[in-house]
Amino acid sequence: MAVVFQKTKGLTDTPFHYCPGCTHGIIHRLVAEVMEELDVLDKAIGVAPVGCAVFAYDYFSCDMQEAAHGRAPAVATGIKRVHPDKIVFTYQGDGDLAAIGTAEIVHAAARGENITVIFVNNANYGMTGGQMAPTTLIGQETLTTPYGRKAEVNGYPIRMSEMLSTLEGVAYIERVAVYDVKHVMQAKKAIKNAFLAQIQKKGFAMVEVLSSCPTNWGMTPVEALNWIKDHMEPYYPLGVYKNTLEEVK
Amino acid sequence: MAKVLMKGNEALAEAAIQAGCRHYFGYPITPQNEVTAYMAKRMPEVGGVFLQAESEVSAINMVYGAGGAGARVMTSTSSPGLSLMQEGISYLAGAQVPCVIVNIMRGGPGLGDIQGAQGDYFQSTKGGGHGDYRLIVLAPSTIQEMADLVQEAFDIADEYRNPVVILGDGMLGQMMEPVDFENIQKRKRDIPEKTWATTGRGNREHRNIINSLYIDPPVLEKYNYQLFEKYAKAEKNEVRYEMINCEDADVILVAYGTIARVAKNVMNIARREGYKVGLIRPISLWPFPKEPFEKTVNTAKAYLTVEMSMGQMVEDVKLAVQFKKPVYFYGRPGGMIPEPSVMLEQIRKIAGGVK
Amino acid sequence: MAKVIFNEDLCKGCELCVNACPKKIIEMDLSKINVKGYHPATVKPENMNKCIGCAFCAMMCPDTVITVIK
């Protein structure tokens, strides 16, 4: 009997602390599988954010650094400038990347920093109990928008992939989702491309992953996946926003 | 002895490069801009990296990444910029990442002005960021000493795996003095290899993690004790100061940085007027030198602390003297320089006309 | 003949695998509680022969609970 599917060597033995059904777990696995398949685990140096994924340094089986909230792209820049031949990636949530860390991500992209960014968009601050994030949808109820987010009070959700893809230094940006198997496979391909962009030294690469938050959305894990499809995807269209990769045969 | 006439900001940058610093992340802010300009020109010449970040917040986190990856790394800024770096500095201390941080101080608070000042003493010596941590803080008073201390700072940082702050001021940064880079005064140390750095595992069995998160309180408590063992070692080995004419001194001036040079002249003038005046010049502001006060508290009548601020180091002087003798203060904030004539007046008053 | 193996103590009972299985043979094992206090996912022995080894379940599992062999 041959193995069809098994846990990747890219993950350590530490079980995930994520809530039941939280798709952070899927995304972690995809990143780890891609690093294993591209055979870069021995060269990878990851940067964990502050947020639900704050313990990511326990999960990826490569060298890791824990960054202050929002500063992962700057930390990754520091690492990459010391080890330009190593594979440097950040794993960040929407509060980390699109709120407090906006300047860091914009300038890392503008510099064409040769790093790979995994941006998990679950439309709220998960770790701290479900507050509004820059990606929270209009009308979406959160701990800090209990009557639903109102544009006239809290402005509009930010489409980071579109915004960053206008910058010259960007080599690859794709937005994906993980609400069903087809999309999980597509997400893995995008993550592979984002690492290939770094391997081919093309510049800044990011994959934005629409992800679920059953606990703070107040839904079952399966309902949460549907919420991504029905509510998030319309506002955050999936697709490739920039691609300068050489065709990989 | 090949001396070269150099501006303070450029001398400290050259000293860093000669200490093997190959990574510098900075941001424009007066009065330290020459450091970034110099690094931008020199780093490529030595195969190093100069990068201007989008903010001091970003710059200090680049330092964190580079230092955690094993590089000798430096940033420089001035007062308001260092305020923006405080969170990053707490993380650097918490994750034990070695680096050198230069603060060319200017008048404050707030936007303040761009003249040299000393209003950031508390910020660096008492910890401007969150949590119990310490930074080794060195205060040069000449450009030669700044070049020496910058080189020493990289060794201290690596030995203790801790940030080291060079606390200069706008005058020191902007004035020119001869500097001899050939015989830099620095201690011989055995610096451990950076086996902890995130370089990519290669065939290394264990993973290297640079981190300051210890979510379990007993573990974080133990970790704090561990850090403070390191700081105790620094308190034992890294104290630096200068003492002049203190054996018979009635009044002892206490000053650091450029204003200590003014105090030295005032001491000589007062001596000529017959007043027995000495000078204690702390060079390490943390660990603060208690020894010179223990040696003089029984003989001296009083101490006069002089600072370019509303008085910050004076509190540490009082702690060191432990109220055994009076500690007076004369200072001027806002980038103004304390007047020698006023210092003399104070000395005469303190000495009570006793010659 | 394909086979699905559940590392039951990692399961958090989120049921994403149940939802993903095209053959609808995964269910929550109500006869036991795992170390985390959840009913772990399982495939009854009599249903295992319906498994086609597509690994959809494994791909949707957020906690690397599932191994699939064929």
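Since we're looking at a predicted model, the values are computed, not measured. Labels below follow one simple rule: chain letters A, B, ... track the order of the sequence lines, proteins then strands, and each chain is numbered from 1.
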Bottom line for A:V106: the part with an atom under 4.5 Å from chain B's heavy atoms is neither
Side chain / backbone / both / neither for A:A44 at chain B, heavy atoms under 4.5 Å
backbone
Chain A heavy atoms under 4.5 Å from B:A197: which part of the residue, side chain, backbone, both or neither?
backbone
Are any of the side-chain nitrogens in B:R42 or B:E34 under 4.0 Å away from the carboxylate oxygens of its partner?
no
Hydrogens and angles aside, do B:E221 and B:Y225 bring a side-chain donor and acceptor to less than 3.5 Å of each other?
yes
Are B:Y231 and B:F228 an aromatic pair, judged by ring center distance below 6.0 Å?
yes
Quick one: side chain to side chain donor-acceptor pair (under 3.5 Å) partners of B:D120, sequence neighbours excluded?
B:S79, B:N103
Side chains of B:S83 and B:Q123 only: does a donor on one sit below 3.5 Å from an acceptor on the other?
yes
Give a yes-or-no answer on whether the side chains of B:N33 and B:T30 include a donor-acceptor pair shorter than 3.5 Å.
yes
For the candidates B:V49, B:V63, B:L51, which exhibits the highest count of non-hydrogen atom pairs separated by less than 4.5 Å from chain A?
B:L51
Is atom NZ of B:K233 surrounded by more than 12 heavy atoms (other residues, nucleotides or ligands) closer than 6.0 Å?
yes
Which atoms of A:F55 approach chain B - backbone, side chain, both or neither, heavy atom under 4.5 Å:
side chain
So which donor and acceptor atoms of chain B and chain A come within less than 3.5 Å of each other?
| residue | atom | partner | partner atom | Å |
| --- | --- | --- | --- | --- |
| B:H23 | NE2 | A:R81 | O | 2.9 |
| B:E54 | OE1 | A:R111 | NH1 | 3.1 |
| B:Y64 | OH | A:E66 | O | 2.7 |
| B:G65 | O | A:Q65 | NE2 | 3.1 |
| B:A69 | O | A:H83 | NE2 | 2.9 |
| B:T198 | OG1 | A:Q65 | NE2 | 2.9 |
| B:T199 | N | A:D63 | OD2 | 3.2 |
| B:T199 | O | A:K86 | NZ | 2.6 |
| B:G200 | N | A:D63 | OD2 | 3.0 |
| B:R201 | N | A:D42 | O | 3.0 |
| B:R201 | NH1 | A:S61 | O | 3.0 |
| B:G202 | N | A:D42 | O | 2.8 |
| B:R204 | NH1 | A:D63 | OD1 | 2.9 |
| B:R204 | NH1 | A:D63 | OD2 | 3.3 |
| B:R204 | NH2 | A:D63 | OD2 | 2.7 |
| B:R207 | NH1 | A:Y57 | O | 2.7 |
| B:R207 | NH1 | A:F60 | O | 2.6 |
| B:R207 | NH1 | A:C62 | O | 3.4 |
| B:R207 | NH2 | A:Y57 | O | 2.9 |
| B:N208 | N | A:D63 | OD1 | 2.7 |
| B:N208 | O | A:M64 | N | 3.1 |
| B:I210 | N | A:M64 | O | 3.0 |
| B:I210 | O | A:E66 | N | 2.7 |
| B:N211 | ND2 | A:Y57 | OH | 3.4 |

Any side-chain heavy-atom pair of B:L285 and B:L138 under 4.5 Å
no
